[in-house]
Amino acid sequence: MPGLVHTYPDKVLLLAALNCAVYCRYCTRGRLVGSKGWTIPDETFQYLGKHTEIRDVLVSGGDPLLLSDTELDELFSKVRKIPQIRTIRLGSKLPSVQPSRITPELADILAKHRVWLQLHVIHPDELTEEMTRALDTLAGAGVPMVSQTVLLKGINDSADTLTDLFYGLLERRVKPYYLFQCDPITGSSAFRTPVEKGLQLIRELQARVSGLALPHYCIDAPGGGGKITLLPNSQFRREGSEIVLTNYEGKEYRYPDNETVS
Ligand code: SF4
């Protein structure tokens, strides 16, 4: 369907806007973004209505917060009319790069339609006073927020930088949700870290930040495989009837397992 990506059974990506306030070198949608504006056709909403397995709609683009308040209100109203859809999320970088877009009126529209905001934030330097005020407006209106970060060599690939970023987000009532491996797209090679670096950072973060501040470290599998979460090491193994667990310090603990799976 035009403007729709349906990879997982229960969730879809709705491409609501094709332009952005900034264009990121590591963007995986470079082939799409930067085009002229467009409107999602009715047939796409009809598809959503017919597919009763769809529960979660991520409104994305481009950056959908570049749409006007009226356009967003109409878009969310159309999605909210579809009874099986339980969750609407909206992905945006605007609270960081154009915080003046976050007005009390916009926050009220997001809250009215119970939209989760998924912020794209890379570095703690983005957490400026202006962005903090924007996030206060959103949180004050009751908009739930999570974040996504791309791991970038020389930019944020240190435990200190990521600790600052994730605690800074939590302080501003944003739950760090995803840390993405930078994809191998044209022009991104200077930013790409080895996967082992990401795993090492997650190991370090596990030892120093609250679980609330720890995102999932994911690779978006090529060829439409979807997001796959990577864990730093096998944190358990079975020995007889026991599970041997490894904690953040590398120490092992034995846990008596329930013997049968019902
Ligand atoms: S804001 Fe998002 S969609 Fe736009 S260029 Fe950056 S990564 Fe791509």
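Just so you know, ligand 1 is whichever comes first in the structure, and atom 1 is the first atom listed for that ligand.
By the 4.5 Å heavy-atom criterion applied to side chains, E204 and L162 are not counted as neighbours. Between D160 and R208, some side-chain heavy-atom pair lies under the 4.5 Å cut-off.
Between Y26 and F191, the angle of the ring planes goes over 60°, which puts this pair in the perpendicular group of the 30/60° scheme.
When the shell of 6.0 Å around NZ of K11 is examined, it contains more than 12 heavy atoms from other residues, nucleotides or ligands.
Sorted by chain and number, the protein atoms of type N, O or S within less than 2.8 Å of atom 4 (Fe) of ligand 1 are C20 SG.
Closest of all the heavy-atom pairs between R238 and G240 is NH1-O, 3.2 Å. In this structure, L179 and V150 approach most closely via the heavy-atom pair CD1-C, 4.5 Å.
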